[in-house]
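The chain is numbered in sequence order, starting from 1.
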Amino acid sequence: MRLGEVRGRDRTLCVFYALFALVGLVAMGALAVAFVRRTMDDGADGPAGVIRNFLHDALTNLASQFIYADLVLIWLGLAAFMIVESRRLGIRYVWAYIVGAPALALCVSFAVFMYVRQLKIAAAGEERRPAAGAAARGVMSGAGR
C-alpha cells in the first residue's frame with residue numbers, strides 16, 4: 001500500500017512519521033556534518049579518527065555518558081519492539097531499521113519504521129473491510145435475510 005491509498009487517521013500518522021523522519025534527518029545530518037568538519041579541522045586522521053573523537057566526546061563526562069547510555073538502552077528496547085512488530089505485520093528488513101539507528105539517527109530510523117508499520121496496519125485494515133460495491137450489492141439483493 002502507498003501513502004496515496006491511505007485515508008483518515010492512518011494517513012495522518014503516516015504524514016507525521018514521514019515529516020518527523022525528514023526533520024530528524026536534516027537536524028541530525030547538519031549536526032553530523034558540523035561535527036565531522038570540526039573534527040577534521042582539528043586534525044582527525046580520517047573516518048577512524050572522527051569515530052574515535054565522537055566516542056571520546058560522547059563518553060567524556062557524566063552528562064554525556066548519561067545521554068549516551070539512555071540512547072543505547074532506548075535503542076535496544078525499540079529494537080525488540082521493531083522485531084516483534086515486524087514479525088506480526090510482515091515488515092521485511094527490520095535489521096536495516098535497527099542498524100540504521102546508530103548509522104543515521106534513532107529519530108530517523110524509528111520514524112521510518114513507524115511509517116512503514118502504519119502503512120502495513122492500514123493495508124491490513126483495508127483487507128478486513130468489505131468492498132463498498134460488494135456491501136451495496138448485498139443490501140440491494142436482500143442478502144442476509
*Apply side-chain hydrogen bond (donor to acceptor under 3.5 Å, both in side chains) to the pair Thr39 and Asp42, showing each step before the final yes or no.*
CA-CA 5 Å; Thr39 304; Asp42 290 346; 5.9 Å; no
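- The distance from the CD1 atom of Ile98 to the CZ atom of Phe110 is 11.0 Å, given to the nearest 0.5 Å.
- Atom-to-atom distance recorded for Met114:CE and Ile121:CD1 is 7.0 Å, nearest 0.5 angstrom.
- Both Leu106 and Val72 belong to a common hydrophobic cluster when Ile, Leu, Val, Met, Phe, Trp and Tyr are linked at side-chain heavy-atom distances under 4.5 angstrom.
- Cluster annotation: Leu25 is not connected to Val23 through the hydrophobic network of ILVMFWY side chains, with a link wherever side-chain heavy atoms come within less than 4.5 Å.
- Among residues two or more places apart in sequence or in another chain, the salt bridge (Lys or Arg N to Asp or Glu O under 4.0 Å) test is passed with Asp45 by Arg52.
- Heavy atoms only, all atoms of each residue included: Met28 and Cys107 are closest at CG-SG, 3.8 Å.
- Panel note: side chain Gln65, backbone Leu59; a donor-acceptor pair is recorded below 3.5 Å.
- Between Tyr68 and Ala58, the closest heavy-atom pair is CD1-CB, 3.8 Å.
- Tyr115 and Leu3 make their closest contact through OH-CB, 3.6 Å (heavy atoms, listed as atom of the first residue, atom of the second, distance).
- Across all their heavy atoms, Val94 and Ile83 have their closest contact at CG2-N, 4.1 Å.
- Contact record, Ala63 with Asn61: N-OD1, 3.0 Å, taken as the closest heavy-atom pair.
- Between the Trp75 side chain and the Asp70 main chain, no donor and acceptor come within less than 3.5 Å of each other.
- Put simply, the side chain of Asn53 reaches to within 4.5 Å of the side chain of Phe35, judged on heavy atoms.
- Atoms CG and CG, on Leu78 and Leu73 in that order, are 11.0 Å from each other to the nearest 0.5 Å.
- Note on Val26 and Leu104: separate hydrophobic clusters, where clusters join Ile, Leu, Val, Met, Phe, Trp and Tyr whose side-chain heavy atoms are under 4.5 Å apart, directly or indirectly.
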_Pair Leu119, Cys14 - check side chain to side chain contact (heavy atoms under 4.5 Å, CB included), show working._
CA-CA 7 Å; Leu119 287 177; Cys14 284; 3.7 Å; yes
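- The structure places CG of Leu55 at 11.0 Å from OG of Ser64, a figure rounded to the nearest 0.5 Å.
- For Asp10 and Lys120, the salt-bridge test fails: no basic side-chain N is under 4.0 Å from an acidic carboxylate O.
- Arg37 CZ: 12 or fewer foreign heavy atoms inside a 6.0 Å radius.
- With rounding to the nearest 0.5 angstrom, the CZ atom of Phe66 is 10.0 Å from the CG atom of Leu71.
- Residues Phe16 and Leu22 do not share a hydrophobic cluster, clusters being chains of Ile/Leu/Val/Met/Phe/Trp/Tyr side chains in contact below 4.5 Å.
- With hydrophobic clusters built from ILVMFWY side chains whose heavy atoms lie under 4.5 angstrom apart, Val112 does not share a cluster with Trp95.
- Ring centroid separation for the pair Tyr97 and Phe113 comes in under the 6.0 Å cut-off.
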*Give the C-alpha distance, both sets of side-chain angles, the deciding distance and a yes or no for side chain to side chain contact (heavy atoms under 4.5 Å, CB included) between Phe20 and Val108.*
CA-CA 7 Å; Phe20 193 87; Val108 176; over 6 Å; no
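- The minimum heavy-atom distance between Gly4 and Arg11, with the atom names listed, is CA-NH1, 3.8 Å.
- In Phe81, the CZ atom is crowded: over 12 heavy atoms of neighbouring residues, nucleotides or ligands sit closer than 6.0 Å.
- By the 4.0 Å N-to-carboxylate-O rule, Arg88 lies close enough to Glu85 to be salt-bridged with it.
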